[in-house]
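Here's the structure, in structure tokens; my notes come after.
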Amino acid sequence: MTRVSGLLLAAGAGRRMGRPKALLRDAGGASMLVGAVEPLLAGGCEEVVVVLGAEAEAARALLTDAVDGSLGTVRAVVAEDWERGMAASLATGLAEPAPDGPGSDAVVVQLVDLPDVGAAVVSRVVKTWRDSGADPAAILRAAYGGEPGHPVLLGDDHRVALAAEVASALRAEGPADYGARHYLADKQVQLVECGDLASGHDVDRPEDLQ
């Protein structure tokens, strides 16, 4: 059986939201950070690396208190240079060494601000990859009504290549807003339609939480 890990990006300050999205709660009071980790575990990821940044210790406490560890391993890491942009978060998460044992064959990259993207979406993307041969050179991306969204599954070849590209972006001067979308722009990406399962919409402002 192939091993799949999850990479949850949750480091930003959430300036338009007014606070870090890793600390947000939905209209029912549930933690959005925990609500983003658990679908990755339930959807087929053996472990999840959560990249934190702004108010990292408060966010780490949420994970410690609320995540059900029986589903898999959750590790929080801090992108010390998170203010430089998405590249810093990606570089930190992709560089995180696997615990003792075999590494993963693919990584599922997800964002913290997609509250209706549940385990069924993650499971469909992971199952599609496995059913098609678990190609290490494959990229699969959830789509909603034909529009590409998250999560994005990267076979191991692309995990290594993306790690190298974000490291290069960080060596450049100024903010490093290089994200996975830049890497995917000239790659062959298989879309996995999930519009029947979720909207894929993010929450960006306080009114979006309602």
Side-chain angles (χ1 to χ4, degrees), residues 1-12 22 33 36-53 63 67 71-79 82 85-114 117-143 148-170 178-185 187-192 194 200:
M1 176 65 73
T2 53
R3 288 178 53 83
V4 178
S5 62
L7 175 57
L8 180 65
L9 305 181
L33 180 61
V37 170
E38 291 182 340
L40 288 168
L41 293 172
C45 297
E46 283 81 6
E47 69 156 352
V48 176
V49 173
V50 182
V51 182
L52 303 175
L63 291 174
V67 172
L71 293 174
T73 302
V74 179
R75 293 183 288 144
V77 296
V78 178
W82 62 268
M86 183 70 75
S89 294
L90 280 170
T92 298
L94 293 171
E96 179 67 9
D100 294 341
S104 62
D105 301 291
V107 60
V108 176
V109 181
Q110 178 63 317
L111 308 179
V112 71
D113 59 356
L114 303 170
V117 176
V121 172
V122 179
S123 178
R124 182 176 290 178
V125 173
V126 171
K127 184 176 186 300
T128 300
W129 175 69
R130 284 178 168 153
D131 288 350
S132 61
D135 184 357
I139 302 174
L140 282 73
R141 186 170 190 177
H150 283 78
V152 178
L153 182 148
L154 302 169
D156 197 54
D157 290 355
H158 291 288
R159 180 190 62 80
V160 173
L162 177 57
E165 288 207 14
V166 293
S168 176
L170 285 170
Y178 185 101
R181 69 183 185 278
H182 299 89
Y183 178 81
L184 298 177
K187 304 295 188 298
Q188 182 175 348
V189 178
Q190 178 181 351
L191 296 183
V192 180
C194 297

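Just so it is clear, the values below take in all heavy atoms, side chains as well, and ignore hydrogens, waters and symmetry mates.
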Inset, instruction - Check the pair D131, K127 against side chain to side chain contact (heavy atoms under 4.5 Å, CB included), reporting the backbone distance first and the verdict last. - result: CA-CA 6 Å; D131 288 350; K127 184 176 186 300; 2.6 Å; yes
Legend entry - Evaluation steps, side chain to side chain contact (heavy atoms under 4.5 Å, CB included), between V125 and V108: CA-CA 9 Å; V125 173; V108 176; 5.6 Å; no
Legend entry - V4 and E46: CA distance, side-chain angles, deciding distance, side chain to side chain contact (heavy atoms under 4.5 Å, CB included) verdict: CA-CA 6 Å; V4 178; E46 283 81 6; 4.0 Å; yes
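In this structure, CG on L52 lies 6.0 Å from CG on L63, to the nearest 0.5 angstrom. The line from NE2 of H150 to CG of L111 is 4.0 Å long, rounded to the nearest 0.5 Å. Note that CG of D105 and CZ of R159 are 10.0 Å apart. Values are rounded to the nearest 0.5 Å. Residue L94 holds its CG atom at 5.5 Å from CG of L7, rounded to the nearest 0.5 Å. L9 CG to M86 CE: the interatomic distance, rounded to the nearest 0.5 Å, is 5.5 Å.
Checking each of E47, E96, R75 against S5 for a side chain to side chain contact (heavy atoms under 4.5 Å, CB included) leaves exactly one that passes, namely E47. Of the listed residues (V126, L8, V74), just one forms a side chain to side chain contact (heavy atoms under 4.5 Å, CB included) with L40, and that residue is L8.
Counting all heavy atoms, side chain and backbone alike, S89 lies closest to A11 at OG-CB, 3.3 Å. Residues V112 and A22 approach most closely at CG2-CA, 4.4 Å, considering heavy atoms. The two residues Q188 and I139 come nearest to each other via the heavy atoms O-CB, 4.0 Å. Considering all non-hydrogen atoms of both residues, A119 and A42 come closest at CB-CB, 3.8 Å. Of all heavy-atom pairs spanning A88 and A79, the tightest one is O-CB, 4.0 Å. Closest approach of L170 to A87, counting heavy atoms only: CD1-O, 3.9 Å.
Remark: K187 NZ is packed, more than 12 non-hydrogen atoms of other residues, nucleotides or ligands lying under 6.0 Å away.
Evaluation of the side-chain contact (heavy atoms from CB on, under 4.5 Å) rule for A138 yields W129, D135, L140 as partners, not counting sequence neighbours.
Between the side chain of H158 and the backbone N or O of P136, no donor-acceptor pair lies under 3.5 Å. At least one donor-acceptor pair under 3.5 Å links the side chain of R141 to the backbone N or O of G149.
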